[in-house]
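A note on names: the letters A, B, ... follow the listed sequences, proteins ahead of strands, and every chain is numbered from 1.
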There are 2 protein chains.
Amino acid sequence: MNTIEALSMEELRRQFNRTGLRFTPQREAVWRIFEGNPDGLTISQVTVILAPQKIGQATVYRTIRALQDMGYLKWVHEQTGEHRFVVSRSGHSHMLVCRVCSKAVECSDCDLSVLEKLIARQTGFTVEGHHLEFFGLCPDCS
Amino acid sequence: MNTIEALSMEELRRQFNRTGLRFTPQREAVWRIFEGNPDGLTISQVTVILAPQKIGQATVYRTIRALQDMGYLKWVHEQTGEHRFVVSRSGHSHMLVCRVCSKAVECSDCDLSVLEKLIARQTGFTVEGHHLEFFGLCPDCS
DNA sequence: TTATTAAATGATAACATTTTTCATATAGAG
DNA sequence: CTCTATATGAAAAATGTTATCATTTAATAA
Ligand SMILES: [Zn+2]
Ligand SMILES: [Zn+2]
Ligand SMILES: [Zn+2]
Ligand SMILES: [Zn+2]
């Protein structure tokens, strides 16, 4: 399933620095929250969790955007349409979300090349990428 | 490509009534806006367009939600992550969106069954459905 | 280690989006 | 036409997001 190792804090720091960004205690705290919640969290949830530590919402927004840009977070949809952010250990991948318990699982097996070619031929589009989410029931809820 | 005929107003009215909802001039106006904009619109765009006709934003929100629930509107993502709603003429389909001109095309060819089975086997999930969007360049922008 | 400096922080305000409220209007049924 | 539950719009309230800016601090290099 092509899973990548868990990311060490030092590696994450290097990734931030490589992009010209600083790795601050606040950013570390945001990352820890996501690591501790593999099924993902909405921005408002993270904000609430980190409020007691006096981490401002602006910092939460900024950090989540940075982690997204670096590919460490992906989003999936709540039933409400709200975006929930989930740690991703893989470059390109898809998320499976349980509609009952909201469990999220990443799946990096992806061969849409045949479908992309078919669609390109039919529509004349140059297909550059895609976003794919699966909904269903996790093993426990099945 | 399994496209369904354009929906007549009377059919749409029946669909509303079937669901126990009423078909009002406001709801018709919202639908016309979407029909006239095949590449889709965000909620705020619809709100602005219908403001001169004194159609309130609450009505726009309520109507878009209803049309979504009935399957006549699907959403795709702006670069901003904002949702843009697009008329769907097909039960299950995917959208292709041009990253340059935002042109949206529906594509109802979809065989993800092999991939879904593979993922089901690997993860133990019961896969019930998916949301798939393609990004790229339309013929004009290629 | 320390000095330097550009980037990050958080409080607040500004702005934007979405939902609720409720008095009034009206679609649809009979 | 009458009746009634539903829908409407205006406004307010609630939520969500971004911008501002004085202050702090991470990273770099001496
Ligand atoms: Zn979305
Ligand atoms: Zn579950
Ligand atoms: Zn993929
Ligand atoms: Zn285009």
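- We find that CZ of F23(B) is positioned 23 Å from P of dA25(C), with the value rounded to whole Å.
- For the 3.5 Å distance criterion, the side chains of H77(B) and H83(B) qualify, holding a donor opposite an acceptor.
- Checked options Y72(A), W31(A), F23(A); the residue passing with F16(A) is F23(A) (criterion: ring pair (Phe, Tyr, Trp, His ring centres under 6.0 Å)).
- Taking atom CD of residue Q57(A) and atom P of nucleotide dT20(D), one finds them 16 Å apart after rounding to whole Å.
- Under the 3.5 Å distance criterion, with hydrogens and angles disregarded, no donor-acceptor pair is assigned to the side chains of Q57(B) and T47(B).
- One interatomic measurement links the two molecules: CD of Q15(A) to P of dA26(D), which rounds to 20 Å at whole-angstrom precision.
- Distances shorter than 4.0 Å separate none of the side-chain N or O atoms of T24(B) from OP1 or OP2 on dT6(D).
- When the P atom of dA11(C) is taken as reference, atom CD1 of I55(A) falls 11 Å away, rounded to whole Å.
- Counting non-hydrogen atoms under 4.0 angstrom, R62(B) reaches a base of the nucleic acid.
- Across the protein-nucleic acid pair, E28(A) atom CD and dT25(D) atom C1' stand 15 Å apart, rounded to whole Å.
- When distances are taken from the side chain of A58(A) to each of dA27(D), dA11(C), dA8(C), the shortest belongs to dA11(C).
- In the model, Q26(B) has no side-chain atom that pairs as donor or acceptor with a side-chain atom of T63(B) under 3.5 Å.
- Rounded to whole angstrom, the span from the CD atom of Q26(A) across to the P atom of dT9(C) amounts to 5 Å.
- Remark: C1' of dT17(C) and CD of Q45(B) are 14 Å apart, rounded to the nearest angstrom.
- Atoms CZ (R22(A)) and C1' (dT25(D)) sit 7 Å apart, rounded to a whole Å.
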